Amino acid sequence: MKVIEAFNLVKDYGSLRALDGVSFDVNYGEIFAFVGPNGAGKTTTLEILQGLRKATSGKARVLGYDLNSKEGLKNIVKKIGVLPQNFEALDRLTVRENVSLFAKMYDKALNVDEILNFLGLESKANIIFHKLSGGLKQRVGLAISLVNDPELLFLDEPTTGLDPHIRREVWSLIKRLKERGKTIFLTTHYMEEAERLADRIAIINKGKIISMGKLVELLNQYKGSKSLEDVFLMVLGAKIGEGGELELKGF
Amino acid sequence: MMLLLIFGSVFSGDSQSFDLFIQDQDDSELSKAFINSLNQTKLFNLKLIPKNLDAKEYSKEKRSFFTSIRILIIPKGFQDNLLNSIFSNRINITVSTLKELANRFQRFIPEEQKENINRGIESFSKVNLGEEGELSLIFIFDPSDLNKDALRGSILSIANSFYQRALGIEESVSLKSEEIVIRRLSAVDYYLPGILGAFIMTNGVIGVTQVVSEYRRIGFIKRLAVTPLTKFEWILGNLVTQTLLSLVLAGFMILVGLLVFRIVALPDALTLIILMVGAFCFSGLGLIFGGIIKDVEAATALGNAIAFPMMFLSGSFFPIEIMPDIMQYISKFMPLTYLQLALRSSLILKDSSTALSNLYIVVILALIFLIVGTITVRWRER
Ligand SMILES: Nc1ncnc2c1ncn2[C@@H]1O[C@H](COP(=O)(O)OP(=O)(O)OP(=O)(O)O)[C@@H](O)[C@H]1O
Ligand SMILES: [Mg+2]
């Protein structure tokens, strides 16, 4: 069963084409990763799939619902969990208050303390959000994305800006979420993150998916590559050969 | 800069006239002459109240929107009293002249005549001219009228100079003052409506604007939009919270007023409703600004740029009447003007009909802001 089906998505911001015909599927229960540099169109894709933005053209279905129908969107928001890029909860509320606030927005929500336990936040429950470290803030964001026990999780750059050892903690949390049966769509510009976590990877650059598949498939496809980074450089190298411009900022 | 402009034009000597109702109960030559001399000063915009009507009721109905009620009553007997004053004045002069003469020439006056002369002068000075002529006018005013003292002084000096010029006497006039509301209020009470109104307005236009644009900046609104919460629920929830916050803070201010300044004008149910609607109204305005502007600093700057001129142009602290016409005109478009008038009418004047008619305007504005806010705040970009 497909959790997400995206077909030929195009998004223009004025004269800028941020997405240029993006098509992909996400399967039930897998971790799917979008890897790409700054400005590649990762957030734009996610926001379209969450119903925050309207695609200029193209079609997409999420959890079987049509994104363009009001009814469909109503059902989608009940069943997805979102960790936005650089998420900030309310500064002056405690961890528990922030999580409870979001729990109240759903008809059916999980027990807040159970969520806090799952994320190892029980000892931080009464600390004001604003006083937390970056890693803990990110965990609160994850906790909030879990309050409705979502079927599908969108994690937009969940580890950007975190220390390496904290990044690993977040990785293990994401793995545990997958074990619990969640389908996860994450974006990252860390190759290693995609290699370690993702079942399938799409490399996106300048609004186009330039390569997609399992890690082994990608490594096989590009002869001589030993890592995702090699694949990435080779893909872009080929582009240069076709007269494209190389832009690697953010890597 | 803005303030400078406002002050500049307020005090630039662009002469304004003040509304003053006059009831001429005497309806005599002299009372008309006096009204005429008031008129010549160009200080007042005089409105005559027919003699047989209740002056307070009449002026409540007929006053223009922004002005306080001020009534000058020329009581019956004004002319008689004045003429009496002239006679008694003349008699006094005659008596003192006689006394002076008697003094100066006492050497030449035989002892036995002195007694008679003195008795004569004495009885002359006791000539009864009816009631002792007290020259008084009655000035009725609204105790919260910010111009009341200046105007009372002006009327008094105009009256005095009228007597001197027209009649050549130095008798000074008394101006009996009477407050419209028979309540003992402290001076601080009169500032309470202005302060409360200004506070509620600032909390909305600056506070709410800041909060909402901050929510937008950190992407919190987007995060809410991917939950089942609807935009309308969020807006309404926000407005209700901000309204309650405003009310709590206003309550705190009233409490301080009560404990520190011993204010007497305590809010009744109507005043509480006005405060609530006002808070809702200005929170709505803040929501619109915050919804449009993402940059927190720009939003704060806009809030300030709107809040401060509004505070001055709404009659909260400076009477609208003394401002140039253009500013009086602008003040009609300031939502705070109506909140301020409603609060003043209910809190100080206990005039619930005026309070209500202003409250309706605030209610309508609140609804408009709610609707516009619902449209302008972007929830999903679709
Ligand atoms: N609201 C917007 N208005 C105009 N242009 C936008 C808007 N949002 C994004 N863009 C542009 O669209 C392109 C894709 O942006 P997007 O945020 O999707 O990239 P991204 O892959 O998420 O990058 P990053 O790694 O920096 O988060 C960029 O060039 C960006 O400048
Ligand atoms: Mg992004």
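Remember, it's a predicted structure, so these values are computed and weren't measured experimentally. Side chains included, hydrogens not; waters and symmetry mates left out as well; all remaining heavy atoms used. Chain A is the first sequence line, chain B the second, and so forth, proteins listed ahead of strands; every chain is numbered from 1.
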For each of A/V147, A/V77, A/L83, tally heavy-atom pairs with chain B at distances under 4.5 Å, and name the one with the top tally.
-> A/V77
Once you round to the nearest 0.5 Å, how far does OH of B/Y215 lie from CD of A/E88?
-> 12.5 Å
Looking only at heavy atoms, what is the nearest atom pair of B/I218 and A/A89, with distance?
-> CD1-O, 4.1 Å
Closest approach of A/L52 and B/K222, non-hydrogen atoms and distance?
-> CD2-O, 3.8 Å
Do other residues, nucleotides or ligands put more than 12 heavy atoms under 6.0 Å from A/K2 NZ?
-> yes
Out of curiosity, A/L90 CG to B/R223 CZ, how far, rounded to the nearest 0.5 Å?
-> 11.5 Å
Interchain contact, A/Q85 with chain B, by part (heavy-atom threshold 4.5 Å) | neither
Identify which of A/K104, A/E47, A/K78 forms the greatest number of heavy-atom pairs closer than 4.5 Å to chain B.
-> A/E47
Among the options B/L224, B/T230, B/L229, B/T227, pick out the one with the most heavy-atom pairs lying under 4.5 Å from chain A.
-> B/T227
Inspect the surroundings of CD in A/E122 and state if more than 12 heavy atoms from other residues, nucleotides or ligands are less than 6.0 Å away.
-> yes
Can you tell which part of A/F87 gets under 4.5 Å to a heavy atom of chain B, answering side chain, backbone, both or neither?
-> side chain
Quick check: are there more than 12 heavy atoms from other residues, nucleotides or ligands sitting under 6.0 Å from CG of A/D107?
-> no
Above 12 or not: heavy atoms from other molecules or residues under 6.0 Å from OH of B/Y329?
-> no
Which residue out of A/I76, A/N86, A/I144 racks up the most heavy-atom pairs below 4.5 Å with chain B?
-> A/I144
Evaluate whether atom NZ of A/K124 has more than 12 neighbouring non-hydrogen atoms of other residues, nucleotides or ligands under 6.0 angstrom away.
-> no
Would you check if the distance from the ring center of A/F129 to the ring center of B/F220 is below 6.0 Å?
-> no
